[in-house]
Structure formats: structure tokens, C-alpha cells
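Keep in mind that what you see is a predicted model, and the values were worked out from it rather than measured.
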Amino acid sequence: MDRLLFLLATGLARGAIFALFALSLVLIWRAARIVNFAQGAMALVATYAAFAVTGLTGSYWAGLAAGLIAGAAIGLGVERGLMRFAPHSSPLSGVIVAIGLVMVLQSLLGILFGAQYLPMRAPFDDSPIMVGGVPLLSPYDLFVLVVALAVMAVLAVLFTRTSLGLQLRASAFAPEVSRVLGVRVSRMVTIGWMLSAAVAALAAMLLVPTELGLNPHATDMLFVYAFAVAVVGGLDSPVGALVGGLVVGVAMTLVTGYLGATVAPIGVLVLLVGVLLVRPGGMFSLREARSA
């Protein structure tokens with residue numbers, strides 16, 4: 001029983017990171033109707049920026065802020081410099097550009113920083129807290145949960161309670177009507193890319209200290225699992241990203257704890273296939289998606 005409680009608590013923390021990254025994929029899908037396969041590589045560049053600033057200043061918080069700013073700047077550069085010029089006649093155009101961007105970014109990171117794992121320090125202790133003799137969440141896991149839930153709450157307020165959020169939603173679901181009403185749709189798409197890239201960068205920066213370290217492929221599996229989360233929850237649904245992230249995080253942790261780490265990817269694949277067979281649009285998908 002003690003082991004089960006520990007795995008459930010750890011799975012929630014890991015699932016919160018998956019939910020954050022899946023939410024970034026949902027933001028891009030809703031803004032530009034594209035699955036950004038370069039999201040992991042873009043987040044990785046921002047994480048390297050955070051690592052560099054932390055090394056220069058000795059402050060984790062300065063590095064975290066630098067990583068978020070770098071993530072937003074990368075999203076701006078990719079949208080304005082690449083995606084805006086990709087042909088829109090086929091949805092595969094953006095996918096091909098994104099895959100090419102992954103190769104370029106990972107190669108550049110390998111050239112600049114090498115292929116070795118660079119240790120990235122967590123701001124809090126990662127030893128589990130004992131409650132009644134039962135190991136539960138570590139202080140760092142609690143930090144991850146609080147940050148992830150706070151970001152999701154801020155984004156929910158942004159999209160439901162602010163003028164900017166209303167314009168972002170209108171531009172995503174009715175771009176032509178929004179243009180007639182005076183909304184600068186292209187600017188809203190750019191802001192969507194910036195928000196998405198910053199959220200993905202935050203997820204990567206929260207995950208890397210719990211893994212082997214930082215290297216040019218540190219976010220590959222994060223993207224794979226988060227993409228599965230986004231599909232399970234529904235690419236149009238922020239709520240689906242949250243619920244799907246927590247479900248996948250807990251399921252992966254339980255499978256790893258009881259059956260071994262090599263079985264976890266198979267468990268995620270089984271969950272993904274099962275959801276696609278029962279509800280292809282995702283468990284929380286909108287009943288009627290807008291056309292591109």
C-alpha cells in the first residue's frame with residue numbers, strides 16, 4: 001500500500017509536466033491547426049538558455065525566467081520566419097518544415113554543447129517527504145504540481161476572462177469573421193505560438209532536473225508522451241490535456257513501478273490505441289471542430 005501511494009503521488013507530478021506540454025500542443029493546434037513536431041526541440045533550446053543563464057548567475061530563478069523569455073522568442077521567430085511562409089495548400093507542409101527544424105536545432109545544440117548529459121540542478125530537494133512513515137511527494141514534486149496548476153489556471157483566466165483571450169479564441173475558430181470584426185488574426189496566431197512555446201519550455205525545464213540531465217535529445221520522449229496525452233484528451237481540448245496528462249503520468253508510473261520501465265511505453269501505446277478506437281477525436285474533443 002505504501003508503494004502504491006508513493007507511485008500515485010509521483011505519477012501526479014510527472015503527469016502535470018505531461019499536461020503542460022500537451023497543453024502547448026493544444027494551443028498550437030487551436031491557433032494554427034498544426035501539430036508542431038518541433039515543439040520538443042524548441043523547448044530544448046529554451047532549456048539550454050536557462051541552463052546557461054543559471055550557470056552565469058548562479059540563480060535558478062533567473063535561468064527559469066530566461067528560459068521562458070527564450071521560449072516565447074523562439075515561438076515568435078519560428079512563426080514569423082518559417083511557418084508563415086510554409087505553403088498552406090497541404091497540412092503536410094507545416095509538418096515537414098517542423099521536422100526539418102527539429103534536425104537543425106538538435107544538430108546545432110550537439111555542435112555547441114556536445115552530446116554529453118549536463119546536470120541541471122533542481123531548486124528544491126527531490127527526496128520524498130515522509131508522512132506517517134509513507135514516502136510521498138518530494139518538495140520538488142510539490143513545486144512542479146503548484147507551478148503546473150498555476151499556469152493552467154492563468155491560461156484559463158486569460159482565454160475566458162480577458163479581451164486578448166477572446167480574440168485568440170475567435171481567431172482560432174472563426175478567422176474570417178474575426179478579420180471582418182477588426183481582429184488582427186495574424187498577430188493572434190503569433191501570440192498563440194509564443195504562448196505555446198513558452199509553456200513547452202516551462203514543461204521541459206521542470207522535467208530535465210528529474211532525468212539524466214540536459215542533452216540534445218532530452219525532450220524527445222517528453223514530446224512523444226505529451227503528444228499521446230494530447231491525442232487521448234483531444235487536440236482541441238485544454239481540459240483534455242490536463243486530465244490526459246494526469247492519467248498518463250499516473251499510469252506510466254504505476255506500470256514502471258510494478259512491471260518495469262521498458263513496459264511503460266507499451267502501456268501508453270495501448271492507452272492511445274484504445275482511445276482512438278473508442279473515440280478517435282479524443283475523450284474531451286469538441287463535438288464539432290472548425291474547418292481550417
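With a 6.0 Å radius and a threshold of 12 heavy atoms from other residues, nucleotides or ligands, R84 has its CZ atom above the threshold. For CE of M103, the number of neighbouring non-hydrogen atoms (other residues, nucleotides, ligands) closer than 6.0 Å is 12 at most.
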Stepwise, does the side-chain contact (heavy atoms from CB on, under 4.5 Å) test hold for V224 with D220? CA-CA 7 Å; V224 171; D220 288 355; 5.8 Å; no
Run the side-chain contact (heavy atoms from CB on, under 4.5 Å) test on V275 and V231 for me, step by step, so that the C-alpha distance in whole Å, both residues' side-chain angles and the decisive distance to 0.1 Å come before the verdict. CA-CA 9 Å; V275 170; V231 173; over 6 Å; no
I would like to know whether V247 and V229 meet side-chain contact (heavy atoms from CB on, under 4.5 Å); could you show each step before the answer? CA-CA 9 Å; V247 169; V229 167; over 6 Å; no
Would you check, one step at a time, whether the test side-chain contact (heavy atoms from CB on, under 4.5 Å) holds for I34 with W193? CA-CA 11 Å; I34 181 176; W193 273 86; 4.1 Å; yes
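Taken from CG in D141 to OG1 in T10, the straight-line distance is 5.5 Å, to the nearest 0.5 Å. With values rounded to the nearest 0.5 angstrom, I96 atom CD1 is found 13.5 Å from L101 atom CG. Distance check: Q106 CD to N215 CG gives 9.0 Å after rounding to the nearest 0.5 Å. Here F227 contributes atom CZ and L272 contributes atom CG; the two are 7.5 Å apart, rounded to the nearest 0.5 Å. L44 CG to L105 CG: the interatomic distance, rounded to the nearest 0.5 Å, is 8.5 Å. The CE atom of M194 sits 10.5 Å away from the CD1 atom of I69 when rounded to the nearest 0.5 Å.
With hydrogens and angles ignored, the 3.5 Å screen pairs no side-chain donor or acceptor of T256 with any backbone N or O of T253. Between the side chain of T210 and the main chain of L207, a donor-acceptor pair closer than 3.5 Å is present. A donor-acceptor pair under 3.5 Å is formed between the side chain of T162 and the backbone N or O of G165.
Pairing each heavy atom of R80 with each of F85, the nearest pair is O-CE1, 3.1 Å. Here the closest non-hydrogen pair linking A31 and V189 is O-CG2, 3.8 Å. In terms of heavy atoms, L20 sits closest to M152 at N-CE, 3.8 Å. In this structure, A49 and A70 approach most closely via the heavy-atom pair CB-CB, 3.9 Å. What you find for G94 and M83 is that their closest heavy atoms are O-CE, 3.7 Å. The minimum heavy-atom distance linking I28 with S196 is given by the pair CG1-OG, 2.9 Å.
In this structure the side chain of S138 never reaches within 4.5 angstrom of the side chain of F143, judged on heavy atoms. Between Y140 and L206, some side-chain heavy-atom pair lies under the 4.5 Å cut-off. Contact of the L168 side chain with the R30 side chain is not registered, since no non-hydrogen atoms from C-beta on lie closer than 4.5 Å. By the 4.5 Å heavy-atom criterion applied to side chains, L27 and F159 are counted as neighbours. Contact annotation: the side chain of L64 approaches that of L202 to within less than 4.5 Å [non-hydrogen atoms, C-beta and beyond]. Using a 4.5 Å cut-off on side-chain heavy atoms (C-beta onward), L7 and Y258 make contact. You'll find the side chain of L155 reaches within 4.5 Å of the side chain of V199, heavy atoms only. Annotation: side chain of T47 is in contact with side chain of M120 (closest heavy-atom distance under 4.5 Å).
No continuous path of hydrophobic side-chain contacts links V185 to L181 [ILVMFWY only; heavy atoms under 4.5 Å]. Clustering ILVMFWY residues whenever any of their side-chain heavy atoms sit less than 4.5 angstrom apart, transitively, puts V35 in the very cluster that holds I99. Connection of L4 to L246 is established within a shared hydrophobic cluster, with ILVMFWY side chains joined at heavy-atom distances below 4.5 Å, either directly or through further cluster members. Grouping the Ile, Leu, Val, Met, Phe, Trp and Tyr side chains by contacts below 4.5 angstrom, directly or via other members, places M42 with L112. By the criterion of side-chain heavy atoms lying less than 4.5 angstrom apart, applied directly or through intervening Ile, Leu, Val, Met, Phe, Trp or Tyr residues, V147 is grouped together with F21 in one hydrophobic cluster.
Legend: salt bridge (charged side-chain N to carboxylate O under 4.0 Å, His left out) pairs involving residues 202-211, not counting sequence neighbours, sorted by first then second residue: R14-E211.
Ring geometry for F223 against F37 counts as tilted: the plane angle lies between 30° and 60°, on a 0 to 90° scale.
The side chain to side chain donor-acceptor pair (under 3.5 Å) search around R169 returns none, not counting sequence neighbours. Every residue was checked against the ring pair (Phe, Tyr, Trp, His ring centres under 6.0 Å) condition with Y117, not counting sequence neighbours, and none meets it.
Judged by distance alone, the side chains of S171 and R187 never bring a donor and an acceptor atom under 3.5 Å apart.
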